[in-house]
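All values below come from the heavy atoms of this structure, side chains included, with hydrogens, waters and symmetry mates left out.
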Number of protein chains: 2
Amino acid sequence: MPKHQKQLSADHQALVDQGVVNAPDSAKGRLLQAAATLFKEKGYERTTVRDLGKAVGIQSGSLFHHYPNKEAILRAVMEETIILNTELMKAALSQNNDPAEKVLALIRCELESILGDTGAAMTVLVYEWRSLKEESQLEILKLRDIYENLWISTLIEAKESGRVVMDPAILRRLLTGALSWTVNWYRQEGNLSVEQLAKMALTLAIKPN
Amino acid sequence: MPKHQKQLSADHQALVDQGVVNAPDSAKGRLLQAAATLFKEKGYERTTVRDLGKAVGIQSGSLFHHYPNKEAILRAVMEETIILNTELMKAALSQNNDPAEKVLALIRCELESILGDTGAAMTVLVYEWRSLKEESQLEILKLRDIYENLWISTLIEAKESGRVVMDPAILRRLLTGALSWTVNWYRQEGNLSVEQLAKMALTLAIKPN
DNA sequence: AAGATTACCAAGCAAGCGCTTGGTTTGTAA
DNA sequence: TTACAAACCAAGCGCTTGCTTGGTAATCTT
């Protein structure tokens, strides 16, 4: 048990123990983190396997011992982040009962994913979709469907309780755009906290009580 | 004056006459339209100059008679679409006086840009920013600032009239994301009109009166 | 300690990339 | 008709790309 390593959340650690995602301090985990950062900064296409190798301190050819090809690295980045964030959302939902509170929990959760440690991977998930071959897209889509169902069912609840007016499917899509776009302008070091931003986003979606 | 050509809006035609943008039926104009379509579908990096040549029916090398390099084509796509849409927004604003109506006019205008004929170019403007070299980014940024100022000043007006609660800068950013994301899900052939969608987006931003 | 497996390096190949070159065709105007 | 420039073609150059290969070092298992 290494000492100087960043503490994982309980949910994250559980996924590592189950072998569903790679530990962030493993060889593969560090590769995926580096890949996510590079893919976000320069885009998937502009990032070469030589860039990736250099980022983790190995030769470019050695990457293909871990993954069969470059696209598989992109796919792994996406898969891991969506699996992780689905778990985090489930956990956040289970801690709230009021429909409006649940919506806020989802917004907060998604913002923290986008603006926090997994932000690079989340950005890649949103912006590099086209670079996946169709087969991979279908696989990731299955995972996204699970994630989106959490959103939709929560928004339906909120609508039934009268706090939401708009059609849940359309509201979710508008929110998806509004939240994912924050990666292009929000800066942690500014004087707007993620929590404040989450509450502002909530006012877009929910009627004042 | 060719006969069988799609009629341009008066604002668009004026820009062509001034030489600010290329006529859509000129050689350069058709190249830019094809480039926008390909860049949107496959991404800038995955689109080769051979793809571009084939799309307009010339050899790839002949492209460089019109533009000095591939990046200049991307830049031209972005410049033309933002200049055009800035004009369209100005025209839309001049036809409305009520602050809430002005906000709706901007939303409608942006949605029509994103979902209509210039949609490919607008998408490229949003998603291919990283592929511009820094010098080009700064040039385009000047044009974007003009465009964004129309939005911000209109939202400030709306806030002063009491119809908007949120900080205009943040509201604009959330709206930018929500509206630009529509390109990923909205389909014209569905049973939701752009006008309906615009009104829904308006309810996100504006308090019921 | 022995053996097996995993992780890696050094070198380089085949293909595709943006772009250049030298020359030919097409359009325009006197 | 002639002159000239703009538009284009055919060919290919130099470079970078993702990936492969054959071998070596490190790590794990028993």
**Q** What is the distance, to the nearest angstrom, from the CZ atom on A:Phe39 to the C1' atom on D:dG18?
**A** 12 Å
**Q** Which pair of heavy atoms, one from A:Leu155 and one from A:Pro168, lies closest together, and at what distance?
**A** CD1-O, 3.7 Å
**Q** Which listed nucleotide (C:dT20, C:dC17, D:dT20) is nearest to the side chain of B:Arg50?
**A** C:dC17
**Q** Without decimals, in angstroms, what is the distance between B:Phe64 CZ and C:dC17 P?
**A** 12 Å
**Q** Quick check on DNA chain C: between B:Thr47 and A:Ala27, whose nearest nucleotide comes earlier from the 5' end?
**A** A:Ala27
**Q** For the pair B:Phe39 and B:Tyr44, name the ring-plane relationship: parallel under 30°, tilted 30 to 60°, perpendicular over 60°.
**A** perpendicular
**Q** Tell me: CG of B:Asn22 to P of D:dA7, nearest whole Å?
**A** 11 Å
**Q** Main chain of A:Lys133, side chain of A:Glu71: is a donor-acceptor contact present, judged purely on distance under 3.5 Å?
**A** yes
**Q** Reckon B:Thr48 touches a base, only the sugar-phosphate, or nothing at all at heavy-atom distances under 4.0 Å?
**A** sugar-phosphate
**Q** Indicate whether OP1 or OP2 belonging to C:dC8 is found under 4.0 Å from a side-chain N or O atom of A:His66.
**A** yes
**Q** Specify the residue among A:Glu45 and B:Gln59 whose closest nucleotide of DNA chain D lies further upstream toward the 5′ end.
**A** B:Gln59
**Q** Given C:dA7, is OP1 or OP2 found less than 4.0 Å from the side-chain N or O atoms of A:Ser62?
**A** no
**Q** Atom CG of B:Leu52 and atom C1' of C:dG18: how far apart are they, to the nearest Å?
**A** 11 Å
**Q** Any side-chain donor paired with an acceptor under 3.5 Å for B:Thr176 and B:Arg172?
**A** yes
**Q** Do any side-chain nitrogens or oxygens of A:His65 fall under 4.0 Å of OP1 or OP2 in C:dC9?
**A** no
**Q** Look at the side chain of B:Val49 and decide which nucleotide, out of C:dG18, C:dC8, D:dC19, has an atom nearest to it.
**A** C:dG18
**Q** B:Asn69 CG to C:dT20 P: how many Å, rounded?
**A** 8 Å
**Q** Rounded to the nearest angstrom, tell me the gap between atom CG in B:Leu63 and atom P in C:dT21.
**A** 17 Å
**Q** Check every strand shown and say whether B:Gly57 touches a base, only sugar-phosphate, or nothing at a heavy-atom separation below 4.0 Å.
**A** sugar-phosphate
**Q** Calculate the interatomic distance between B:Lys54 atom NZ and D:dC9 atom P; express it in whole Å.
**A** 13 Å
**Q** Of the options D:dG18, D:dC9, C:dC19, whose atoms approach the side-chain atoms of B:Ile58 most closely?
**A** D:dC9
**Q** Provide, to the nearest angstrom, the distance between the CD atom belonging to B:Glu71 and the P atom belonging to C:dC19.
**A** 9 Å
**Q** Please find the pair of heavy atoms, one from A:Val183 and one from A:Ile114, that lie closest to each other, and give the distance.
**A** CB-CG2, 3.8 Å
